[in-house]
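Read the numbers this way: they start at 1 and go in the same order the structure lists the ligands and their atoms. These numbers were taken from a predicted model, which means no experiment stands behind them.
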Amino acid sequence: MVMGKVQVGAAVICAATVCAAAALIVRHRMRCSSRWARAMAIVKELEEKCGTPIAKLKQVADAMTVEMHAGLASEGGSKLKMIISYVDNLPTGDEKGLFYALDLGGTNFRALRVQLGGKDGGIVNQEFTEVSIPPNLMVGSSDALFDYIAAALAKFVAEEGEDSELPPGRQRELGFTFSFPVMQTSIDSGTLIRWTKGFSIDDTVGQDVVAELAKAMGRHGIEMRVSALVNDTIGTLAGGRYFNKDVLVAVILGTGTNAAYVERAQAIPKWHGPLPKSGEMVINMEWGNFRSSHLPLTEYDHAMDTESLNPGEQIFEKITSGMYLGEIVRRVLCRMAEEVAFFGDTVPPKLKVPFILRTPEMSAMHHDTSSDLRVVGTKLKDILEISNTSLKTRKVVVELCNIVATRGARLAAAGILGILKKMGRDTPREGEIQKTVIAMDGGLYEHYTEFSKCMENTVNELVGEEVSKSIDIIHSNDGSGIGAALLAASHSQYLEVVDS
Ligand code: ADP
Ligand code: MG
């Protein structure tokens, strides 16, 4: 066969084009594969920096125990405030009557009304209303915030049914769950130390929280006495104890994190009051502010902390709680987009918006069991406006969620071990099956199953098989609200006249 000149020329050009195209593809692949390799290097680095081997967790637990001792020894002796709650009468189950509670802890607040039946009567009736806090009130004035709360409470009280009658001459009583650091001055008073969890209202710091609430209730014509000021951990401890006498510890994992436990009053050097009859005192640890050189912190954590409303504070909270986990994942993704074009040549603008990726969305992605990770794809598209992600990319996103959640869950477990050590309940006891029950609550614990499973497994791993049989971790649903009502009952001003 003879090829004409023209044909030969065309064939040569064609071949050259094919070669050039092939070279482009190869180069593109190489660029992609090196991009991918660099992206994987970022993931691997994160995984290493977030590592929580058992030996490290034990160091964290020991540091927690040491700080607990220091905080109990003297005021200001530790990053852990170890606040004396003045709660020395946890509910017994015999409480009786009508009580209210207010629960202000973060994104929402709730008002509750419970009718307690007395011995063996249990909770006869309970009702509640939930209202979200408008973001502008979280950084506004104290009066505005408390007025908003009092207005909702007034409305709720007005809906009280006829069955909720009070004995004559008796004022309604309320337990106030206020989940921010408060220096307690008695069971029913305390001053705010600082705001956390995105709240920032200067004129309240140093003020008596109960007085602020009482003023606002007065402005709204509510006749009610605040008989107990607690936080969510103490409320959860009380709520758990009402149903189970072995509850000794409460841990909250929600927007923020904190823990409370029952301490021997004699083991609190800074307590100068009379020894309570029960010999016990509930301690509000404020463990969110824990920090230690053993904590595995990354560049993302440091940057997030620096840019936060409370830099240098609440470091433990910033790596374990719901307000922050999604934000940490966003920061990693943002770096991957910026440095290795993980989502293509331009950085998706939404990815640069702080706190746009919330922990519930992170948890939805982490829990995605579909074979093509459909939920991850949808979330990336809906929240971050990143479309057409490959399965490979989605898998990386799930991996990031896993790394960040696992670190948080395992550190929370280490914190619990620290408390068990302080209580002397981390080692097997000869011939004694003494239960230690830990009451848990908070949206993160409740809804982020991968997180809570990991935390529970880690507690068991840390204490070992023998001791783990004596430790129960239970979900004390909604303990913080009911608990406050129960504490208003067990510390009621009418206790002497109550005929139970
Ligand atoms: P708060 O701590 O504000 O009193 P909650 O205990 O209800 O309130 O916790 C709410 C927090 O729990 C949210 O801010 C969020 O971080 C976390 N959360 C809620 N739902 C989920 C979810 N499905 N997955 C993971 N975290 C969640
Ligand atoms: Mg709460």
Side-chain angles (χ1 to χ4, degrees), residues 101-112 128-135 137-138 145 149 175-182 195-199 229-240 250-260 284 286-288 304 314 316-330 354-369 375-376 379 383 398 400-402 404-409 412 439-455 475-485:
L102 266 187
D103 182 358
L104 174 67
T107 32
N108 294 315
F109 94 91
R110 292 173 321 138
L112 292 88
F128 76 94
T129 179
E130 183 165 297
V131 187
S132 69
I133 306 277
L137 291 187
M138 295 164 65
L145 177 66
I149 293 169
F176 184 23
T177 304
F178 180 78
S179 303
F180 301 93
V182 162
W195 289 103
T196 54
K197 299 181 280 191
F199 279 68
L229 170 66
V230 296
N231 70 9
D232 47 5
T233 57
I234 294 164
T236 299
L237 188 60
V251 175
I252 299 290
L253 289 156
T255 306
T257 184
N258 191 12
N284 160 24
E286 289 299 335
W287 87 354
M304 180 176 73
Q314 303 291 110
F316 193 61
E317 175 161 280
K318 284 173 180 161
I319 52 178
T320 47
S321 78
M323 177 163 172
Y324 304 100
L325 297 185
E327 169 65 4
I328 299 170
V329 172
R330 181 200 68 84
F355 292 93
I356 196 169
L357 181 63
R358 296 167 54 248
T359 304
E361 319 286 2
M362 165 190 177
S363 129
M365 296 197 289
H366 195 172
H367 290 141
D368 188 356
T369 52
V375 179
V376 179
K379 294 285 177 200
I383 303 162
V398 174
L400 295 180
C401 297
N402 188 44
V404 172
T406 302
R407 177 184 64 167
M440 306 285 312
D441 202 12
L444 181 72
Y445 176 81
E446 193 178 343
H447 302 295
Y448 202 152
T449 320
E450 283 293 330
F451 186 102
S452 22
K453 258 189 349 202
C454 174
M455 192 209 79
H475 179 205
S476 175
N477 201 2
D478 187 34
S480 64
I482 294 196

Asker: With Ile328, which of Lys318, Met362, Arg407 fulfils side-chain contact (heavy atoms from CB on, under 4.5 Å)?
Answerer: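 Exactly one pass, corresponding to Arg407.
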
Asker: Supply the atom-to-atom distance Met323 CE to Leu325 CG, rounded to the nearest 0.5 angstrom.
Answerer: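 The CE atom of Met323 sits 11.5 Å away from the CG atom of Leu325.
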
Asker: Which residue and atom name correspond to the protein heavy atom nearest atom 24 (N) of ligand 1, and how close is it?
Answerer: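 Here the nearest protein heavy atom works out to Ser363 OG, 3.0 Å.
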
Asker: From atom 7 (O) of ligand 1, work out which of Ser452, Gly443, Gly105 has a heavy atom at the shortest distance.
Answerer: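 The nearest heavy atom belongs to Gly443.
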
Asker: Taking distance alone, with N or O pairs closer than 3.5 Å, would you say Gly442 contacts ligand 1?
Answerer: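 Between Gly442 and ligand 1, no N or O pair is found under 3.5 Å apart.
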
Asker: Looking only at protein heavy atoms, which one is nearest to atom 23 (N) of ligand 1, and what is the separation?
Answerer: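 Ranking protein heavy atoms by distance from atom 23 (N) of ligand 1, first comes His447 CB, 3.1 Å.
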
Asker: Evaluate the ring planes of Trp195 and Phe199, with Trp represented by its six-membered ring, and classify them as parallel (under 30°), tilted (30 to 60°) or perpendicular (over 60°).
Answerer: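 The arrangement is parallel - the two ring planes meet at less than 30°.
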
Asker: Would the distance check show the side chain of Ser321 and the main-chain N or O of Thr255 forming a donor-acceptor pair, the cut-off being under 3.5 Å?
Answerer: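 Checked: pair present.
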
Asker: Check ligand 1 against Gly322 and write out every atom of the ligand that is under 4.0 Å from a heavy-atom position of the residue.
Answerer: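 In order of numbering, the contacting atoms are 16 (O).
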
Asker: How close does the nearest protein non-hydrogen atom get to atom 17 (C) of ligand 1, and which residue and atom is it?
Answerer: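 Here the nearest protein heavy atom works out to Leu444 N, 3.7 Å.
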
Asker: Where do Phe451 and His366 land on the ring-ring contact (aromatic ring centres under 6.0 Å, His included) test, with the steps shown first?
Answerer: CA-CA 10 Å; Phe451 186 102; His366 195 172; 9.6 Å; no

Asker: Counting only heavy atoms, which portion of Pro360 has something under 4.0 Å from ligand 1: side chain, backbone, both, or neither?
Answerer: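 The answer is both.
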
Asker: Check the side chains of Asn258 and Asp232 for a donor-acceptor pair under 3.5 angstrom, ignoring hydrogens and angles.
Answerer: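 No pair is found: no donor N or O on one side chain lies under 3.5 Å from an acceptor on the other.
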
Asker: Checking a contact table here: which protein heavy atom is nearest atom 3 (O) of ligand 1, and how many Å away?
Answerer: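 The answer is Thr255 OG1, 2.6 Å.
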
